[in-house]
Structure formats: C-alpha cells, structure tokens
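Owing to the predicted nature of the structure, the values given are computational and were not obtained by experimental measurement. Below, each value reflects all heavy atoms present in this structure, side chains not excepted, and no hydrogens, waters or symmetry copies. For the single chain, residues carry numbers from 1 onward in sequence order.
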Amino acid sequence: MAWHAKNKNFNNLIKQMLHDKDSEKRAESARQVGFLRDGRSVNLLCRALKTETNPNVVNRIIEALGRIGDGRATLGILEKFEIEMKKSESESDKLRIIFILESLTRIKDKRALEFVSHYLNSSDDQLLQLAQNAFDIIQPNWREIVIRNQKERSIQDIFKTSK
C-alpha cells in the first residue's frame with residue numbers, strides 16, 4: 001500500500017510541476033521531486049527545464065536534477081550553463097550558476113568538466129570554490145593532469161570530451 005501512496009504523490013508532483021499556473025507551486029513541486037530521488041522523473045525534469053521560463057522554477061529543476069544525480073540530466077543542465085557563461089558577469093545569474101555547479105558536482109559526469117573549468121579562474125571566491133570542489137569530486141587527480149598538460153593546452157581543452 002505504501003508504494004501506491006508514494007506513486008500517487010510522485011504523479012501529483014510531476015503534474016503540478018508541468019502544468020500549474022502558479023510558478024511558486026511549480027518550483028516547490030520540482031524541489032519535492034528532487035527529494036524523492038526517483039530516476040523516473042529525470043526525463044520529465046529535463047523536458048520541463050527546456051520549456052520553463054520562470055527563473056526560480058528553472059533553478060529548482062536544476063537543483064532537483066542534481067539531487068537525483070542521474071547522468072541523463074547532464075546535457076540539459078549544460079545547455080543552461082552555456083547560456084549563463086555567454087552572458088557578461090553583470091548579466092549572469094550567479095544563483096543559477098551556483099545551482100548548476102552544485103548539481104553537476106552531484107551528478108559526477110566528466111562531460112561537465114570542460115564547462116566547470118571556466119570558473120577555475122573566477123574572481124568570485126564562491127564560484128571558484130564550487131568549481132574546485134566539482135573537480136575534486138569528479139576528477140580527483142585534476143591538478144596533476146593540468147600540470148602535466150598545461151604547457152600545450154588550456155584547461156578547457158584538457159577536459160574537453162568531444163574532439
């Protein structure tokens with residue numbers, strides 16, 4: 001019986017996240033879906049990430065995807081990350097970048113390192129610390145790799161996954 005109640009709760013949260021008119025309810029339901037850590041929600045969260053326009057809801061979806069920790073979410077999060085990285089420092093949403101860095105750290109997907117590496121030279125101490133933490137978790141020996149390869153290539157090139 002407990003499974004039925006959990007499944008009903010899951011379905012209600014997903015429905016609310018995708019269809020509710022109130023952005024606060026969508027944001028809270030996305031957050032709650034993340035706490036459930038149910039892999040079934042990853043594709044639905046990624047779909048919502050592409051269509052959602054409210055910044056608070058987008059941040060909560062990114063947070064939820066990080067809590068679930070499924071690599072299928074990496075590319076969707078990286079799309080949002082790329083958009084933020086193209087903005088000037090004054091235009092970018094620092095809170096969103098923090099959510100993205102924390103989520104990518106939890107997912108532990110090496111495809112994220114090329115993007116995260118942009119913040120290894122950040123003048124913002126918090127973003128720098130989050131980027132270093134992400135590297136420490138995803139690629140523990142990253143400092144040795146950088147020292148060994150930095151003469152020939154940039155940090156982004158070293159951790160680029162596609163050639």
Side-chain angles (χ1 to χ4, degrees), residues 2-20 22-86 92-120 122 126-142 145 155-156 158-163:
W3 179 82
H4 289 292
K6 285 181 181 179
N7 201 41
K8 186 175 182 180
N9 181 42
F10 173 82
N11 289 335
N12 288 336
L13 288 171
I14 293 293
K15 185 175 165 184
Q16 187 174 34
M17 179 189 69
L18 294 174
H19 303 295
D20 203 292
D22 183 357
S23 63
E24 289 300 316
K25 288 182 181 177
R26 289 197 314 275
E28 183 55 28
S29 61
R31 191 169 168 271
Q32 292 300 320
V33 167
F35 286 129
L36 294 176
R37 290 187 172 95
D38 191 328
R40 296 179 295 168
S41 63
V42 173
N43 290 336
L44 295 166
L45 285 163
C46 287
R47 188 177 93 196
L49 186 61
K50 287 183 183 210
T51 59
E52 183 59 57
T53 57
N54 182 286
N56 187 35
V57 180
V58 169
N59 289 346
R60 292 299 178 198
I61 291 170
I62 292 168
E63 178 187 31
L65 287 167
R67 285 193 189 284
I68 295 166
D70 191 312
R72 293 177 290 168
T74 302
L75 296 178
I77 295 171
L78 289 177
E79 283 179 23
K80 293 294 182 187
F81 201 18
E82 208 167 9
I83 291 168
E84 288 304 315
M85 288 177 8
K86 287 179 180 175
S92 67
D93 181 349
K94 181 179 174 184
L95 185 60
R96 174 155 311 148
I97 293 169
I98 290 169
F99 277 118
I100 290 170
L101 289 170
E102 289 175 345
S103 292
L104 292 172
T105 301
R106 286 187 178 122
I107 294 171
K108 300 176 186 167
D109 190 329
K110 289 185 180 187
R111 294 176 291 180
L113 293 177
E114 176 185 354
F115 296 85
V116 174
S117 67
H118 288 274
Y119 291 92
L120 288 174
S122 178
Q126 187 178 16
L127 296 179
L128 173 65
Q129 192 64 39
L130 287 169
Q132 288 176 342
N133 184 51
F135 265 84
D136 288 339
I137 290 171
I138 300 169
Q139 184 74 51
N141 63 337
W142 70 274
I145 294 170
I155 294 175
Q156 287 83 18
I158 293 169
F159 294 103
K160 188 176 273 185
T161 54
S162 58
K163 299 288 176 189

Going from [atom1] on [X] to [atom2] on [Y], what distance comes out if it is rounded to the nearest 0.5 angstrom?
{"X": "Asn12", "Y": "Ser29", "atom1": "CG", "atom2": "OG", "answer": "10.5 Å"}
{"X": "Ile145", "Y": "Phe135", "atom1": "CD1", "atom2": "CZ", "answer": "9.0 Å"}
{"X": "Glu82", "Y": "Met85", "atom1": "CD", "atom2": "CE", "answer": "6.0 Å"}
{"X": "Leu18", "Y": "Thr51", "atom1": "CG", "atom2": "OG1", "answer": "7.5 Å"}
{"X": "Phe115", "Y": "Lys80", "atom1": "CZ", "atom2": "NZ", "answer": "14.5 Å"}
{"X": "Leu95", "Y": "Asn59", "atom1": "CG", "atom2": "CG", "answer": "5.0 Å"}

Compare every heavy atom of [Y] with every heavy atom of [X], then report the nearest pair and how far apart it is.
{"X": "Ala73", "Y": "Val42", "result": "N-CG1, 4.1 Å"}
{"X": "Arg26", "Y": "Asp20", "result": "NH1-O, 2.9 Å"}
{"X": "Phe81", "Y": "Val116", "result": "CE2-N, 3.8 Å"}
{"X": "Leu45", "Y": "Ile61", "result": "O-CG2, 3.5 Å"}
{"X": "Asp109", "Y": "Gly71", "result": "OD2-O, 3.8 Å"}
{"X": "Ala30", "Y": "Ala64", "result": "O-CB, 3.2 Å"}

Where the side chain of [X] meets the backbone of [Y], is there a donor-acceptor pair that is under 3.5 Å apart?
{"X": "Ser103", "Y": "Leu65", "result": "no"}
{"X": "Arg111", "Y": "Leu75", "result": "no"}
{"X": "Arg67", "Y": "Arg37", "result": "no"}
{"X": "Glu84", "Y": "Asp93", "result": "yes"}
{"X": "Arg72", "Y": "Gly39", "result": "yes"}

Are the side chains of [Y] and [X] in contact, using a 4.5 Å heavy-atom criterion?
{"X": "Leu120", "Y": "Trp142", "value": "yes"}
{"X": "Asp70", "Y": "Ile107", "value": "no"}
{"X": "Asn9", "Y": "Gln32", "value": "no"}
{"X": "Ile97", "Y": "Tyr119", "value": "yes"}
{"X": "Ser41", "Y": "Ile14", "value": "yes"}
{"X": "Ile77", "Y": "Leu104", "value": "yes"}

Taking NZ, NE, NH1 and NH2 as the nitrogens, is one of them in Glu102 or Arg106 under 4.0 Å from a carboxylate oxygen of the other?
-> no
Identify whether the distance between the nearest side-chain nitrogen and carboxylate oxygen of Lys25 and Glu28 falls below 4.0 Å.
-> no
Could you pull out all residues at least two apart from Lys94 that satisfy salt bridge (charged side-chain N to carboxylate O under 4.0 Å, His left out)?
-> Asp124
Answer yes or no: are there more than 12 heavy-atom neighbours, outside Gln129 itself, under 6.0 Å from its atom CD?
-> no
How far apart are the C-alpha atoms of Asn54 and Arg60, what are their side-chain angles, what is the distance that settles it, and do they pass the side chain to side chain donor-acceptor pair (under 3.5 Å) test?
-> CA-CA 10 Å; Asn54 182 286; Arg60 292 299 178 198; over 6 Å; no
